[in-house]
Number of protein chains: 2
Amino acid sequence: MAPEAGQSDHILLIEDDPDVLDLVRYNLNKAGFSVTVARDGLAGLKAARSTPPDLVVLDLMLPEMRGEDVCRELKNDGATAAIPVIMLTAKAQTEDRIAGLELGADDYMTKPFSPRELILRIEGLLRRVRSAGSGDKLCVGPFELDRGIFEIRLDGAKLELTAIEFKLLAMMMEKRGETLPREMLLRDVWGYRSVVDSRTVDTHMRRLRSKLGAHAGSIETVRGEGYVFRLSQES
Amino acid sequence: MAPEAGQSDHILLIEDDPDVLDLVRYNLNKAGFSVTVARDGLAGLKAARSTPPDLVVLDLMLPEMRGEDVCRELKNDGATAAIPVIMLTAKAQTEDRIAGLELGADDYMTKPFSPRELILRIEGLLRRVRSAGSGDKLCVGPFELDRGIFEIRLDGAKLELTAIEFKLLAMMMEKRGETLPREMLLRDVWGYRSVVDSRTVDTHMRRLRSKLGAHAGSIETVRGEGYVFRLSQES
DNA sequence: TCCCCATGTGACGAAAATGTCACAGAATCA
DNA sequence: TGATTCTGTGACATTTTCGTCACATGGGGA
């Protein structure tokens with residue numbers, strides 16, 4: 001919809017059905033992408049390795065090599081592991097979806113799909129990957145804070161946090177190693193001159209810890225002082 | 001509590017009461033701040049101009065020159081306007097508080113106050129100002145997006161936004177000038193593969209617009225396409 | 001002009017987030 | 001050990017947020 005100003009993004013399309021291929025290629029080109037095509041899994045893998053694209057659109061059902069295997073190969077090869085993959089699948093079944101994502105695909109579309117939607121997903125995925133790639137990120141062990149998209153990931157999985165929990169954890173990550181008194185957290189997280197009880201912080205810490213699972217120990221209590229964020233040994 | 005690693009922050013304390021002065025100076029020093037003292041308003045103003053501090057702690061009742069006037073002078077002088085000011089006031093009345101903030105004070109404390117609380121406020125204010133000063137900010141006309149503290153200000157006033165509204169506005173500010181289709185907003189704001197209706201976006205845009213007041217026009221509707229963020233003329 | 005479709009608006013129920021208790025458990029100190 | 005203080009935990013009421021309707025409004029094309 002809005003072509004990039006600089007170099008156009010390069011998409012590798014791995015698809016055997018000529019009709020789908022033409023439709024998708026046409027629309028991708030129209031949207032300002034540069035497109036390379038492969039008609040079977042092996043060729044696709046080869047193309048991805050020789051000229052790494054910015055993103056791969058991969059059909060699940062392919063001759064020569066199954067889409068799943070192509071995806072797995074891509075993700076296992078260091079040179080191509082970072083390339084986002086969108087799977088195309090004819091089966092609208094949930095199992096396929098889950099399997100696709102477990103294989104490392106970053107998104108999937110179920111045929112039939114609208115080209116418009118595919119474009120949107122490609123743009124969103126590229127944006128997402130680039131946000132994660134740019135310097136706007138704070139990594140502390142298995143914790144990744146990405147302010148650009150308001151997300152904190154733990155071991156690669158997005159944490160589902162409420163607004164307060166997000167702010168709390170973000171602040172603790174920034175001030176890791178420092179003991180943060182409850183008053184300070186109230187001030188900076190709850191905002192200017194809040195009226196809430198100091199113990200409320202404890203409750204939110206509990207909720208936060210429960211969402212951190214095995215890493216709950218990274219939020220330590222300093223009796224009489226406050227809380228510290230510090231990587232725990234248990235991983 | 002946790003002294004800065006680098007250069008210690010410089011606080012200018014303008015206070016005439018010797019008892020309060022000693023108490024505050026002692027605690028500030030203990031907290032790792034370097035402190036300069038002035039005993040009346042004129043001297044304070046002079047000190048601030050000759051050696052601009054990182055922050056000013058200012059008593060409201062002073063000989064020679066009223067605290068209000070000192071504050072106003074500081075804020076009107078380009079050289080000192082950016083320095084955060086914390087007011088100390090003996091009167092626990094709301095009117096004083098509001099007046100203090102309207103004069104440009106960034107925070108205030110009512111006597112008697114705990115030194116600990118003052119330290120926390122100073123640290124919070126310094127942090128806040130620095131977050132705003134660092135490059136982590138996106139300014140579009142009267143709109144300021146500060147990801148560091150999850151805040152969007154409009155004409156200097158903080159907007160009270162929900163999580164979704166914040167993400168929506170942040171994204172629109174980043175993509176200002178581009179028409180954003182509802183599907184894209186759903187994808188990127190609501191997250192991965194949301195199940196909500198497309199019209200829901202409209203409702204949130206309405207709520208957002210109502211919070212923008214006179215600047216509601218900055219969110220334009222593009223019939224059949226989506227929404228654009230673009231500065232409106234009405235200011 | 002009238003009709004059709006997209007968007008604005010007010011309202012409402014459902015769901016989620018939030019703040020506070022009361023009590024249990026743990027750590028610290030006498 | 002015992003007492004005291006601080007923190008963890010489960011539960012609860014309340015508030016806020018969220019998504020969706022039904023209807024009003026308004027622009028654009030036939």
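Letters A, B, ... are given to chains in the order of the sequence lines, protein chains preceding strands, and every chain is numbered from 1.
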What is the ring orientation for B:F143 with B:H215, classed by angle as parallel under 30°, tilted 30 to 60°, or perpendicular over 60°?
perpendicular

Within this structure, what is the CD1-to-P distance between B:I219 and C:dT9, rounded to whole angstrom?
12 Å

Under a 3.5 Å distance rule, please check whether A:R147 uses its side chain to pair with a backbone N or O of B:R147 as donor and acceptor.
yes

Hey, are the side chains of A:L58 and A:C71 touching, using non-hydrogen atoms and a 4.5 Å cut-off?
yes

Is there a side-chain contact between B:M205 and B:L185, using heavy atoms and a 4.5 Å cut-off?
yes

Would you mind building the protein contact string for nucleotides 4-9 of chain D? One character per nucleotide, 5' to 3', B for base within reach (heavy atoms under 4.0 Å), S for sugar-phosphate only, - for untouched.
-BBBBB

May I have the distance from B:E165 (atom CD) to D:dT17 (atom P), rounded to whole angstrom?
7 Å

5' precedence on DNA chain C between A:L161 and A:T200 (nearest-nucleotide basis):
A:L161

Between A:K211 and A:E160, is there a donor-acceptor pair closer than 3.5 Å when you use the side chain of the first and the backbone of the second?
yes

Please state how far atom NZ in A:K211 lies from atom C1' in C:dT18, giving the value in whole angstrom units.
12 Å

So, B:D146 side chain and B:E151 main chain: donor-acceptor pair closer than 3.5 Å or not?
no

Output the rounded distance in Å from CG (B:L185) to P (C:dT7).
12 Å

Reckon A:T162 touches a base, only the sugar-phosphate, or nothing at all at heavy-atom distances under 4.0 Å?
sugar-phosphate

Between B:W190 and D:dC18, is there a contact of a side-chain N or O with OP1 or OP2 at under 4.0 Å?
no

What is the distance, rounded to the nearest whole Å, between atom CG of B:L208 and atom C1' of C:dT9?
16 Å

Under a plain distance cut-off of 3.5 Å, with no hydrogens placed, do B:T221 and B:R209 share a side-chain donor-acceptor pair?
yes

Could you state the CD1-P distance from B:I164 to D:dT16, rounded to the nearest angstrom?
17 Å

B:D197 has an atom CG; how far is it from atom P of C:dG8, in whole Å?
14 Å

Calculate the interatomic distance between B:E220 atom CD and C:dG8 atom C1'; express it in whole Å.
16 Å

